[in-house]
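Here is the naming used below: chain letters follow the sequence lines, and residue numbers restart at 1 for every chain. What you see below is based on every heavy atom in this structure, not just the backbone, and it leaves out hydrogens, waters and symmetry mates.
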There are 2 protein chains.
Amino acid sequence: MVVTKDVAGGPARARLREVAELAGVHPSTASRALSGSRAVRPDVAAAVQRAAEKLDYRVDPIGRALRGERTGTVGMVVPDIVNPFFPAVVQAVERALHADGRSLFLCDASNDVRVEAERIEALLDRRVDALIISPVHQYDSAPAVRRAASRVRLVQVDRSCVGVGCDFVGADQAEAMRLLIRHLVDNGRRNLAFVATDDSISTVSERIVAYEQHAPNVRSRRRVFRGDLSVEWGARAVDMILQDPRQTPDALICANDLIALGALKQLRTRGCQVPGNIAVTGFDDTPFGVLSEPELTSVRQPVQQIADEAVRMLGLTRPRSTPMAGRRLVLHPELVVRGSSAAPA
Amino acid sequence: MVVTKDVAGGPARARLREVAELAGVHPSTASRALSGSRAVRPDVAAAVQRAAEKLDYRVDPIGRALRGERTGTVGMVVPDIVNPFFPAVVQAVERALHADGRSLFLCDASNDVRVEAERIEALLDRRVDALIISPVHQYDSAPAVRRAASRVRLVQVDRSCVGVGCDFVGADQAEAMRLLIRHLVDNGRRNLAFVATDDSISTVSERIVAYEQHAPNVRSRRRVFRGDLSVEWGARAVDMILQDPRQTPDALICANDLIALGALKQLRTRGCQVPGNIAVTGFDDTPFGVLSEPELTSVRQPVQQIADEAVRMLGLTRPRSTPMAGRRLVLHPELVVRGSSAAPA
DNA sequence: ATGAAAGCGCTAACAG
DNA sequence: CTGTTAGCGCTTTCAT
């Protein structure tokens with residue numbers, strides 16, 4: 001007689017029942033022995049352990065999830081995986097969770113609030129123990145985030161939604177802007193401009209407010225250009241700005257490194273010296289900022305710290321924490337000065 | 001009397017039982033009406049539909065998964081989410097799946113075969129319907145990939161493992177290398193060097209073979225430098241290469257854009273003209289290649305097509321396909337010529 | 001065409 | 001300390 005392998009699915013994974021059988025105990029005893037939820041006689045526990053190892057048993061998270069228990073997985077939704085800042089955040093979160101023996105399921109919202117809502121629901125359906133989310137839109141993402149927070153532990157990272165009273169970890173955007181402005185002014189810049197985005201992104205919004213408050217003069221304060229977080233927008237913004245030569249600022253604060261790199265390139269194309277004529281700064285300190293010529297001054301967000309604190313806030317070890325706690329943990333950003341903002345000769 | 005909201009979890013999602021109750025039928029009938037697995041009287045079907053909509057019912061994938069049915073989710077494991085090529089692939093796959101109404105759960109292996117194996121297992125445990133994977137290591141990833149392929153539909157994208165007989169979609173790396181070499185030779189380059197990686201990455205391995213076969217002379221063929229897919233390696237490789245001035249090549253083929261950008265920067269730092277003294281080319285045509293000065297010549301992989309074909313190969317609509325089919329779909333890469341490889345003056 | 005019942009894998013509550 | 005029982009939500013037999 002030939003032993004036929006299951007064509008459709010390979011060797012099936014061992015079930016708890018089989019472990020129990022091999023150990024000569026009832027499944028519930030095996031369950032207790034493996035999870036440690038109740039005391040079990042030491043020799044029985046050992047027998048179960050051995051049986052489990054022999055059969056390469058791993059508890060089925062689906063069965064456990066159906067029962068309403070923890071699944072050991074965390075979901076994460078990022079607004080745009082193609083923006084190199086978010087892979088860095090993802091990696092940091094993975095690292096933080098990994099230390100904890102949990103796995104991360106990641107989804108990309110493609111900058112679309114509807115996709116974001118779908119992904120959140122899909123993760124909740126899969127019974128993730130918690131959700132880490134950087135919302136696409138500070139207003140339009142709010143309903144989905146609030147709903148999710150009412151069903152599971154949730155921490156917002158980097159970006160946040162207004163009016164949803166749930167936890168958040170991120171950097172102090174106003175402080176970041178103050179650091180930038182002071183640095184530029186200290187280097188003799190007077191006519192600033194902020195190449196920003198519309199109001200949808202909370203971090204940029206906060207920077208705009210700080211910019212309008214702290215920029216050195218009225219003309220600078222009024223010079224806020226709204227686009228998106230892309231290289232293309234950086235280039236287009238430069239075209240707009242250079243249109244009126246008398247008005248040309250001597251410093252461009254860009255809302256992220258992508259915009260700044262696009263601006264740098266376009267300035268070079270148009271024959272404008274950086275930092276000679278115009279200083280340029282970015283945000284996020286992505287790995288690509290050091291590749292440009294000159295290297296890009298930027299503001300580094302403490303990504304690993306944000307990730308660590310987010311995971312800590314989820315409180316996955318504690319039995320039950322109140323959801324929607326509304327804590328806000330705001331960390332210090334760090335100005336990284338490079339050539340693109342040096343004082344003009 | 002006050003209606004108290006469930007503090008721990010918000011309003012629970014409607015269950016099939018409640019839908020059935022509201023429609024005045026048995027749960028099994030409701031199930032049939034919703035899934036269409038068996039015929040149901042039209043008026044009953046309509047009533048169930050209405051009840052489901054009213055209660056905002058969505059079938060619980062956990063319950064369904066426990067029954068052994070499809071879950072409507074696909075898992076993906078990428079070797080390194082921080083490498084900007086992979087976010088692009090992820091986005092393309094998301095797009096392809098989204099058109100199909102499925103959601104993607106993504107995991108990052110952090111270039112670590114052990115992490116990769118864990119992530120694969122975690123995804124299988126969660127009963128994904130299929131797996132899309134770009135293996136970290138062409139040899140060391142093989143056992144995990146093979147195991148996974150025996151349990152679920154699996155397609156390898158971009159990279160692959162040797163000796164696992166399962167489906168693959170990617171670009172023709174040998175053709176890519178031939179295109180590059182011909183282009184460089186056509187522009188008068190004779191002394192080539194390949195800044196590559198070790199043998200762990202299948203795509204690079206294939207390029208090395210093609211390079212050693214097609215490079216224009218023996219000296220060029222021997223000049224293969226092995227490091228990793230990083231900006232830092234690109235810079236270090238340039239230092240090594242410039243050490244012996246008599247041996248300096250006039251063209252550097254780099255195994256990806258990150259290496260090429262690092263090389264470009266270091267060449268600039270060391271006062272070496274590109275493309276005047278040395279041509280530089282990359283791979284993957286990431287968005288950052290156009291930001292350098294000069295812009296980077298690269299090879300574009302047909303990312304969206306790879307993703308579309310991978311999803312099609314998964315055959316999620318077909319009832320049951322044989323796993324481990326071992327089909328290999330090899331698509332044409334496209335040479336994107338830019339300034340970094342122009343003919344020297 | 002529909003209802004009843006069984007069971008996917010697991011663990012909490014309840015006896016003993 | 002351990003076995004029994006029940007049931008999470010769903011679908012799929014098997015009977016009507």
- prompt: Do any N or O atoms from the side chain of A/Glu18 and from the backbone of A/Arg15 form a donor-acceptor pair under 3.5 angstrom?
  reply: yes

CA sep, side-chain torsions, deciding dist, call: B/Val89, B/Met76, side-chain contact (heavy atoms from CB on, under 4.5 Å): CA-CA 10 Å; B/Val89 177; B/Met76 178 168 189; 3.8 Å; yes

- prompt: Side-chain N or O of A/Arg41 less than 4.0 angstrom from OP1 or OP2 on D/dT2?
  reply: yes

message: Regarding B/Ser110 and A/Glu94, do their side chains bring together a donor and an acceptor under 3.5 Å, going by distance alone?
response: no

message: From CG of B/Leu66 over to C1' of C/dT11, roughly how many Å is that when rounded to an integer?
response: 13 Å

- prompt: In whole angstroms, how far is the C1' atom of C/dG3 from the CZ atom of B/Arg17?
  reply: 16 Å

- prompt: Taking NZ, NE, NH1 and NH2 as the nitrogens, is one of them in A/Arg13 or B/Asp125 under 4.0 Å from a carboxylate oxygen of the other?
  reply: yes

task: Rounded off to whole Å, could you give me the CZ-to-P distance for the A/Arg126 and D/dC8 pair?
output: 20 Å

Any residue of residues 28-37 of chain A with a heavy atom less than 4.0 Å from an atom of DNA chain D: A/Ser28, A/Thr29, A/Arg32

message: Taking only side-chain N and O atoms of A/Arg64, does any of them lie within less than 4.0 angstrom of OP1 or OP2 on C/dT11?
response: yes

task: Report the distance from atom CZ of A/Arg70 to atom P of C/dC10, rounded to the nearest whole Å.
output: 18 Å

task: Return the nearest nucleotide to the side chain of B/Asp60; candidates are D/dC10, D/dT11, C/dC10.
output: D/dC10

message: Return whichever of A/Ala14 or B/Val40 has its heavy-atom-nearest nucleotide of DNA chain C closer to the 5' end.
response: B/Val40

field: salt_bridge(A/Asp112, A/Arg114) N-O dist < 4.0 Å
entry: no

message: Given 3.5 Å as the limit, does a donor-acceptor pair link the side chain of B/Arg38 with the main chain of B/Arg32, or not?
response: no

statement: DNA chain C nearest-nucleotide lookup for B/Pro42 and B/Gly68: closer to the 5′ end is B/Pro42

- request: Check every strand shown and say whether B/Arg15 touches a base, only sugar-phosphate, or nothing at a heavy-atom separation below 4.0 Å.
  value: sugar-phosphate

query: From C/dA5, D/dT5, C/dC8, pick the nucleotide closest to the side chain of B/His26?
result: C/dA5

query: Tell me: CZ of A/Arg38 to P of C/dC14, nearest whole Å?
result: 11 Å

message: Closer than 4.0 angstrom, basic N to acidic O: yes or no for B/Arg312 and B/Asp167?
response: no

query: Between B/Glu21 (CD) and D/dG9 (P), how many Å, whole number?
result: 13 Å

Protein-nucleotide distance (A/Asp43, atom CG; D/dT2, atom P), rounded to Å: 7 Å

A/Arg67 CZ to D/dC10 P, straight-line distance once rounded to whole Å: 16 Å

